[in-house]
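What follows is one structure encoded as structure tokens, with my remarks underneath.
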Amino acid sequence: VDADDADALLGLTLTAQSVRTSADEAAWFPEPTPGEPNGRGLQGFVGPLTVTPERGFFDAAFTASVHTDTAGATIIYTLDGTTPTVDHGTLVTGGDAQVQVDTTSTLRAVAVAQDWGDSPVATHSYLFIEDIIHQPGAPEGLPATWDGMAQPPTAGDYEMDPEIVDDAAYTDDLIAGLRAIPSLCI
């Protein structure tokens, strides 16, 4: 059936429209604009970050390295587990960030660049056994009450028993045991 035929139920008209980017190259458009011209496009995405050392257990302070291969990118990182953004975190230009880690920390980092989409956020947890066995009973920022679904709420208690962790008869076995337990750092 021809579009001009009286038997056609639907007449279609296709209209071509061209949008040029500043570099006259293909672009990625993060916001859909049905029926409207595209907005400003991105040149691509900042490459993923490389973080060393890998997450895990540590006995002494160290310097972590965060790197991106994307030229001109800025790395933004936090050490408290919060998501880094241009408004929150430490900004380092030049594609490499050297981060001092001297206590149990969750390093999160992202790389950003003008006219590019952000890299995926990289997250690495660095656990210091001495911090873990001596953490306080009520750390700031954690719930003071554990609300049970099948039992009444109870006071939160995050510390390990000081009578055990500070007793020389147990310390070596305790530290070895914590290292031996399969752990997932997220």
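When reading the values below, keep in mind they use all heavy atoms of this one structure, side chains included, and skip hydrogens, waters and symmetry mates.
Contact detail for Y170 and I164: the closest heavy-atom pair is CB-O, 3.6 Å. The shortest non-hydrogen separation linking G47 to S119 is O-CB, 3.3 Å. Minimum interatomic distance between A169 and D167 (heavy atoms only, all atoms of both residues): N-OD1, 2.8 Å. Contact record, A73 with A113: CA-CB, 4.1 Å, taken as the closest heavy-atom pair. A pairwise comparison of heavy atoms in L91 and G89 identifies CD1-O, 3.6 Å as the closest pair. The two atoms that bring A122 and V51 nearest to each other are CB-CG2, 4.0 Å, heavy atoms only.
Hydrophobic clustering of Ile, Leu, Val, Met, Phe, Trp and Tyr side chains at less than 4.5 Å, counting indirect connections, unites F58 with Y77. Linking Ile, Leu, Val, Met, Phe, Trp and Tyr whenever their side-chain heavy atoms come within less than 4.5 Å leaves I76 and V99 in two separate clusters. Linking ILVMFWY side-chain heavy atoms closer than 4.5 Å, directly or via other members, places L127 and L174 in a single hydrophobic cluster. Under a hydrophobic-cluster definition in which Ile, Leu, Val, Met, Phe, Trp and Tyr are linked whenever side-chain heavy atoms come within less than 4.5 Å, directly or via other members, V121 and L79 are assigned to different clusters. Tracing side-chain contacts under 4.5 Å through hydrophobic residues (I, L, V, M, F, W, Y), one reaches M160 starting from I175; they form part of the same cluster.
Using a 4.5 Å heavy-atom threshold, the side chains of T123 and L107 count as separate. Taking the side chain as every heavy atom from C-beta outward, I75 and T68 approach each other to under 4.5 Å. Two residues are said to be in side-chain contact when any heavy atoms from C-beta on lie closer than 4.5 Å; E130 and I133 meet this criterion. Annotation: side chain of D115 is in contact with side chain of R40 (closest heavy-atom distance under 4.5 Å). In this structure the side chain of F45 reaches within 4.5 angstrom of the side chain of W28, judged on heavy atoms. Between I132 and F57, some side-chain heavy-atom pair lies under the 4.5 Å cut-off.
T145 contributes no side-chain N or O that, together with a main-chain N or O of D147, makes up a donor-acceptor pair within less than 3.5 Å. Within the 3.5 Å criterion, the main-chain N or O of V165 finds a donor-acceptor partner in the side chain of T171. T70 places no side-chain N or O within donor-acceptor distance of the main-chain N or O of V46, the cut-off being under 3.5 Å.
Y158 and W146 have perpendicular rings, their planes meeting at more than 60° on a 0 to 90° scale where under 30° would count as parallel.
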Next item on the list: Could you please spell out the steps behind the side chain to side chain contact (heavy atoms under 4.5 Å, CB included) verdict for H67 and L49?
Entry: CA-CA 6 Å; H67 174 77; L49 296 170; over 6 Å; no
Note to self: With side chain to side chain contact (heavy atoms under 4.5 Å, CB included) as the criterion, how do H134 and D166 come out once you've worked through the C-alpha distance, each side chain's angles and the decisive distance to 0.1 Å?
What the structure shows: CA-CA 9 Å; H134 291 107; D166 294 331; 2.9 Å; yes
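With no hydrogens or angles considered, no side-chain donor-acceptor pair links H88 and T83 at under 3.5 Å. A donor-acceptor contact under 3.5 angstrom links the side chains of T63 and Q100, judged on distance only.
The environment of Q114 atom CD is sparse: at most 12 non-hydrogen atoms of other residues, nucleotides or ligands sit within 6.0 angstrom. Within a 6.0 Å radius of CD in E31, no more than 12 heavy atoms belonging to other residues, nucleotides or ligands are found.
Remark: aromatic rings of Y126 and F62 are close, center separation under 6.0 Å.
Contact check on R108 versus D80 returns no salt bridge, with no Lys/Arg side-chain nitrogen under 4.0 Å from an Asp/Glu carboxylate oxygen.
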